[in-house]
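In what follows, a single structure is set out as structure tokens and then discussed.
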Amino acid sequence: MGRRLLAVATVMTLAACGGDSSPTPTSPEAGTPNTPPPTTPMVTPLRRIVENRGLRVKIGAAAGALFNSTDAASAQYMTVLAREFNVLTPENEMKFSSLRPSRTEYRYARPDSMVTWAASNNMLVRGHVLVWHSQLPNWLTSGSWTTAETRTLMLEHIAAVAGRYKGKLAAWDVVNEAYTDGTPTLRPGFWADRLGRSYIEDAFRAAYAADSATPLYYNDYNIEGLGAKSDSVYNLLRDLKARGVPVHGIGMQMHLIAGQIPTVESLTANFARFAALGLKIQITEMDVRVPTPGTAAMFATQADNYRDVLNVCLQTTACDMFVVWGVTDRASWIPSTFPGQGDALLFDRDFVAKPAYTAINTLLSTR
Ligand code: G3I
């Protein structure tokens, strides 16, 4: 058999048996009636590499509107989600406004279905999020509550929701985005305005009281590298740890702009100082946006950025999870928030693996 034929035969065999090979993402054009559909990977899926090699770092994605929906792309979405990832984060479904149409009603059906589906696919679930200034329902934000009532509202929410999922989650984002950007101070918002800084500590203690076995995380963006905001969060967590508040990890959201990410040195040093506090580290919401439509050059930069961040996580013993904020460029929060930007995920709108997918697949396979 000639050298080229042998190579082709080898790739086809590996694709059929799911063995390791160099990443060769498929494209829709490549499909014929006799070849696999576009979402069938020609490489070992990310989660299988992690599982087969016993890597510490789990690999996840946020699941959102396309999860088990009537959208035509939903079936393909579910296939890719289950095939590639072993962690699922509900993108919006565990947020206050999604769960609580009124003070007395709780809508658990959809987040429950995500937790059940994840378990049946051997996936972990990251709980997101108990206390945040955003996505709060009108009945809450427009009410005239006293300080004591506001505190009760926060505590009863945590007790109910953390209690509901007790023992079923791999992590809870207990407090999200408590600091402003720039010269970071406590971010104004419903909880901070009424309760002051103590709401953070109270939230962690309440989450621990409801579920003492699930690791509890502080989660934020623009804290991934060294900097003023990262310093503020570091000082907060150092203080909480010193006083015995049950906080176990730091979530680095990692919403990045291609070509403008912190240096590897800065990421590494920052991760190290949080780890030295005895905290776990998780990449919780990674995406790397580009001007749309993305170019080959931009996708190459994006791939480098994904690879560098994953590599810092792999090299930091305390870092044990790498979660991307969505499955496909078809469904991402970015275009509506940053018009003209997007294409930030590992799979394109047609679920074709992008260079960023190849980069992290290769890194996981070869490290
Ligand atoms: O569910 C309603 C729907 O009923 C309504 O018709 C529609 C009309 O706008 O809105 C739908 O709610 C939207 C929701 O996503 C679900 O799709 C909200 O308007 C929209 O604001 C919301 O955006 C989410 C955003 O958080 C809210 O702040 C994004 O999907 C979600 O990706 C984003 O995620 C956050 C993390 O939780 C925290 N870190 C930053 C990250 C990105 O902003």
Side-chain angles (χ1 to χ4, degrees), residues 60-71 73-74 77 81 85 87-102 105-111 113-114 125-141 157 161 169 171-181 184 187-192 200 203 216-224 229-230 233 249-257 261 282-290 309 321-339 341-347:
L66 292 182
F67 182 92
N68 266 343
S69 80
T70 53
D71 190 287
S74 183
Y77 179 92
L81 183 61
F85 302 100
V87 182
L88 178 158
T89 304
E91 183 176 354
N92 289 300
E93 291 71 6
M94 289 184 176
K95 292 174 180 173
F96 206 125
S97 63
S98 303
L99 286 176
R100 311 273 309 269
S102 73
E105 285 171 274
Y106 288 79
R107 277 191 303 219
Y108 285 120
R110 191 160 164 81
S113 77
M114 289 180 161
V125 177
R126 285 199 94 255
H128 177 79
V129 49
L130 291 172
V131 181
W132 190 24
H133 65 274
S134 180
Q135 282 189 289
L136 298 172
N138 279 340
W139 66 261
L140 178 66
T141 53
H157 180 76
V161 178
L169 305 180
W172 256 122
D173 288 332
V174 176
V175 174
N176 197 36
E177 302 171 6
Y179 284 89
T180 55
D181 298 323
R187 183 190 293 277
F190 180 80
W191 306 112
I200 299 173
L216 305 177
Y217 278 70
Y218 175 85
N219 190 48
D220 214 329
Y221 65 91
N222 282 353
I223 58 161
E224 294 82 5
K229 188 170 176 183
S230 170
V233 172
I250 172 87
M252 308 280 190
Q253 291 188 7
M254 216 58 87
H255 294 294
L256 303 177
I257 302 172
I261 78 167
Q282 296 185 339
I283 313 293
T284 53
E285 306 183 15
M286 184 153 180
D287 48 29
V288 183
R289 58 188 184 266
V290 303
V309 170
M321 206 175 271
F322 179 89
V323 179
V324 291
W325 205 237
V327 174
T328 160
D329 292 339
R330 179 183 284 266
S332 160
W333 67 287
I334 291 173
S336 59
T337 305
F338 301 103
Q341 298 181 60
D343 289 353
L345 295 166
L346 302 179
F347 292 91

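Since the model is a prediction, treat every value here as computed from it, not as a measurement. Hydrogens, waters and symmetry mates play no part in the numbers below; they use all other heavy atoms, side chains included. Both ligands and their constituent atoms are indexed starting at 1 by order of listing.
Of the listed residues (Asp287, Thr337, Asn92), the one carrying the non-hydrogen atom nearest atom 30 (O) of ligand 1 is Asn92.
Less than 4.0 angstrom separates atom 21 (O) of ligand 1 from none of the non-hydrogen atoms of the protein. Within the 4.0 angstrom cut-off, atom 2 (C) of ligand 1 has no protein heavy-atom neighbours. Distance remark: protein heavy atom not present below 4.0 angstrom from atom 5 (C) of ligand 1. Taking a distance limit of 4.0 Å, we find that atom 42 (C) of ligand 1 is approached by some protein heavy atom. Within the 4.0 angstrom cut-off, atom 15 (O) of ligand 1 has one or more protein heavy-atom neighbours. Within the 4.0 Å cut-off (strictly below), a protein heavy atom is located near atom 28 (O) of ligand 1. The presence of a protein heavy atom under 4.0 Å from atom 10 (O) of ligand 1 is ruled out.
Scanning the protein for heavy atoms near atom 18 (C) of ligand 1, the closest one is Gln135 NE2, 4.5 Å. Nearest protein heavy-atom contact of atom 26 (O) of ligand 1 is Lys95 NZ, 3.0 Å. In terms of protein heavy-atom proximity, atom 32 (O) of ligand 1 is closest to Glu91 OE2, 2.4 Å. Looking only at heavy atoms of the protein, atom 34 (O) of ligand 1 is closest to Trp325 NE1, 3.2 Å. The protein heavy-atom contact nearest to atom 40 (C) of ligand 1 is Glu285 OE1, 3.3 Å.
For a threshold of 3.5 Å applied to N or O pairs, the pair formed by Asn176 and ligand 1 contains no separation below that value. In terms of polar-atom proximity, defined here as any N/O pair under 3.5 Å, His128 does make such a contact with ligand 1. For Trp132, no nitrogen or oxygen atom sits less than 3.5 Å from a nitrogen or oxygen atom of ligand 1, counting backbone and side chain alike.
Separation of the Trp132 and Phe190 ring centroids does not fall under the 6.0 Å cut-off. Between His157 and Trp191, a ring centre-to-centre spacing not shorter than 6.0 Å is recorded.
No donor-acceptor distance shorter than 3.5 angstrom exists from the side chain of Tyr106 to the backbone of Val161, with no hydrogens or angles considered. Listed for the Thr141 side chain is no donor-acceptor partner under 3.5 Å among the backbone atoms of Leu136. Trp325 places no side-chain N or O within 3.5 Å of a backbone atom of Trp333 that could act as its donor or acceptor partner. Side-chain atoms of Asp329 come within 3.5 Å of backbone atoms of Leu345 as a donor-acceptor pair (strictly under, hydrogens ignored). Here the side chain of Thr89 pairs no donor or acceptor atom with the backbone of Ala61 at under 3.5 angstrom. Judged by distance alone, the side chain of Glu224 and the main-chain N or O of Met254 form a donor-acceptor pair under 3.5 Å. Arg126 places no side-chain N or O within 3.5 Å of a backbone atom of Val87 that could act as its donor or acceptor partner.
Of all atoms in ligand 1, listed by their number and element, those nearer than 4.0 Å to a heavy atom of Glu177 are 38 (C), 39 (N), 40 (C). Short contacts between ligand 1 and Ser134, defined as distances under 4.0 Å to a heavy atom of the residue, involve ligand atoms 28 (O). When each atom of ligand 1 is checked for a heavy atom of Gln253 under 4.0 Å away, the hits are 39 (N), 40 (C).
Both tests do not hold together for Arg330 against Tyr77: distance to the six-membered ring centre under 6.0 Å, angle to the ring axis within 45°.
When each of Val324, Asp220, Ile250, Asn219 is paired with Thr284, the side chain to side chain contact (heavy atoms under 4.5 Å, CB included) condition holds for Asn219 and for no other.
Of all the heavy atoms in His128 and Glu91, the pair that sits closest is CD2-O, 3.9 Å.
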